[in-house]
Amino acid sequence: MNFESILTQIFQPYFYYSITFLVLSFVCIKAITHYSSFMGQRKKSLLSLIPLAAPLIVMLFFWPSTNIQTTGPILIKTAAGQINTNISGITTAHAISGFAINSAMPSLPPPNFLNALVQVPSILSITGILCLIGLAAGGFFALTMLAADDRVARKILHVISLSPSEHQWLQIKVAELSSKLAIITPKIGVVEDLRPNAFTIGYGENTTIVFSIGLLNILDHEEISAVAAHELGHVKHHDFFYKTLASTLTIISFFNPLAYIASSMGQREREMFADERAIELSEKPSAFGNALAKICKALESLPKESILASFSSNLLVSSSVLHRIGILSTHPRLDMRLRNIDNPKPRSNLNRRNFILVCFLSLILVCSVIAVSFVMVNIQTSYTASQQIIVPPAAFKTAGYGLAGLSGNESSYLLAANWSGSVIINSPIYPVISGGNNNTIVMVVHNEGTSVNSQANPFNNFFVVPPQNVSFVP
Amino acid sequence: MTGDKKPDVSQYNIDGKALEAFLGPLESNIMEAIWASKKTPITVREIYEALKKTKSIAYTTVMSTMDRLFEKNLLDRKIEKGRGGLYYVYWPALEKQNFQKNAVREVLSSLIDNFGEVVANCLVDETCLNEEERKALKEQLNKNMTKKKE
């Protein structure tokens, strides 16, 4: 892949809009949540989903065009609905590099800012492929998680169900805490892991709280009960669905590293939220803090989990009490958690200063998105302008072919060119051509802001090329 | 697997059948399962799943029993890193024949230390020899034991 094709992909609207929106909304949400001490963990975690949703929303606007044939000649529909084939000079490679042929387009879109917005990447471009892989993988993951309940996670993580005679005190405690929270008592399982950990899998009646053998070995009964209360907090907060949604959105943007960071940010808030619930439920509030401290200490002496294992297990569980440090950690730092435990209630005094700050940050978010969008469109336009479509004079005809259909604006042109092997198309962004008979393609060229009476145009299918992109070989 | 491990068979059960003379019922089941298993080393969960097919059993019971077998030198173990995190994997410290040989030797050695000639006479009485042969064997054994004690 050469530099030009890389640029071509970067300047696909889906790609740059999704990246821009994700980055900006992430920065702003991070700033808002950081300075909004009055905001609860639940609201913060929900806000964290906004950056992750941005690429999906952008994708709905820039759904890749599917009217591209992978091999053989490009098919172009004429006004009469016939299909012209074997048009030489336009190869699949050209189409892949950005020439979406939209035969379904009913009228000519106005060539302005909005026009740039409606340009779509080809389904066969790298951007289109990434977009579709992400969507398919995300959809598959979401459906699997919802359809398989806890079965997949049980199998992969080797979860063993506790028999009624095992750890009876724990089973009684979990039932007691569940009734306090008014939730269905989850099942209890264990994993062989020697590292202290606890997590929740499944949802509804199939929820299972899983404790590692390492955790059961190092904590006393009160501390284990506090950890169970934390996990039940996740169940009460429906974190399975939050986690599934966050992971699905992350998978959709799998090629964007920031998506993983944004996802982790939201999950850290859910952890803090569950910590608060654990403190509310515990008879001895210090027990949960002690448990966390013991877990961290024990982990220091044990080998770390591999990144791959950690990533795969993290996808399957809605919560793991295991502490990991780093920007991708789904858990807050221990000191932050302990501070939150000491002062679990969110400060509800929405003072004027905070309110103004949040409004200001939100304004910055909106302005930044608009500003960056315009900048990107300008970059795209200038990049496109640097590309040229060369039409040899021998192929240039001005007569016939729907001249009457044009508005007559001085800056508009209707070109009829014979494309048989004589046209070099090198524009990666703007779709170019359509219509005509077997040997002729009609190309409508005009300046931004001009209009074309599409009703009178004899060709249903045409695309717009800015005049600066067209030059004629002398 | 080495043959020189000294298994702890201090609790000899006179009514126990086969391995159960030296080990508890669950200990015997676990050892038999491990010796029969083609997979070595093996995890507690795998043994638990194998035993669960034939009897109702709790995972934590299997885990604590395997831990005890490790302390009795019947099993060796190490920590392994895998899909389920960090966990112990176990393998037999002795082959089945070696274990039986060592265990019987341990018990006999203890009996001889405590009861000497009586043990020798009892062993000879259990053999299918005629009176003369028995007498000669007893004399020889008693002579050897006296020498060993000196």
Side-chain angles (χ1 to χ4, degrees), chain A residues 152-171 187-199 201 210-218 224 295 298-317 320-324, chain B residues 24-93:
Chain A
V152 173
R154 269 175 174 277
K155 206 162 176 64
I156 291 175
L157 301 170
H158 297 314
V159 176
I160 302 152
S161 295
L162 278 191
S163 69
S165 60
E166 290 176 281
H167 295 287
Q168 278 177 333
W169 67 269
L170 179 59
Q171 304 202 38
K187 291 176 269 185
I188 302 176
V190 290
V191 284
E192 293 192 296
D193 198 356
L194 294 171
R195 287 165 314 156
N197 194 13
F199 53 86
I201 51 173
V210 184
F211 298 90
S212 74
I213 292 296
L215 184 123
L216 295 174
N217 284 345
I218 66 158
I224 295 171
I295 289 168
L299 287 173
E300 280 170 16
S301 59
L302 289 167
K304 285 193 169 55
E305 196 178 23
S306 70
I307 292 170
L308 189 66
S310 160
F311 179 71
S312 59
S313 61
N314 194 36
L315 273 182
L316 295 166
V317 304
S320 146
V321 82
L322 198 66
H323 171 74
R324 277 190 294 137
Chain B
L26 184 56
E27 287 177 336
S28 306
N29 289 344
I30 289 173
M31 287 311 296
E32 290 286 11
I34 290 179
W35 279 319
S37 168
K38 284 173 189 164
K39 185 179 176 290
T40 308
I42 198 162
T43 64
V44 177
R45 183 182 55 81
E46 286 160 337
I47 290 293
Y48 159 74
E49 274 163 9
L51 294 177
K52 205 172 62 169
K53 287 176 191 161
T54 52
K55 63 198 283 186
S56 167
I57 197 163
Y59 168 80
T60 44
T61 313
V62 177
M63 186 184 71
S64 52
T65 309
M66 286 178 77
D67 196 46
R68 197 164 57 243
L69 286 167
F70 168 74
E71 282 162 12
K72 284 179 160 188
N73 278 337
L74 268 84
L75 291 177
D76 269 340
R77 74 179 178 196
K78 66 172 181 180
I79 292 176
E80 204 161 85
K81 209 176 188 179
R83 200 170 61 187
L86 293 176
Y87 46 82
Y88 281 124
V89 288
Y90 290 84
W91 66 95

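Convention: sequence-line order gives letters A, B, ...; per-chain numbering from 1.
Shown here for B/T60 and A/H167, the closest heavy-atom pair between the two residues is CG2-NE2, 3.7 Å. When all heavy atoms are compared, the tightest approach of A/E192 to B/R45 is OE2-N, 2.7 Å.
With values rounded to the nearest 0.5 angstrom, B/E46 atom CD is found 7.5 Å from A/H158 atom NE2. The distance from atom CE of B/M63 to atom CG of A/L216, rounded to the nearest 0.5 Å, is 8.0 Å.
More than 12 heavy atoms of other residues, nucleotides or ligands sit less than 6.0 Å from atom NZ of B/K39.
For a residue to count as touching a neighbouring chain, one of its non-hydrogen atoms must lie under 4.5 Å from one of that chain's; by this rule B/I79 touches chain A with the side chain only. Contact annotation for B/Y88: both backbone and side-chain heavy atoms come within less than 4.5 Å of a heavy atom of chain A. Residue A/I213 touches chain B through its side chain alone, counting heavy-atom pairs closer than 4.5 Å. Neither the backbone nor the side chain of A/V159 comes within contact range of chain B, judged by heavy atoms closer than 4.5 Å. Heavy-atom distances place no part of B/S56 under 4.5 Å from chain A, backbone and side chain included.
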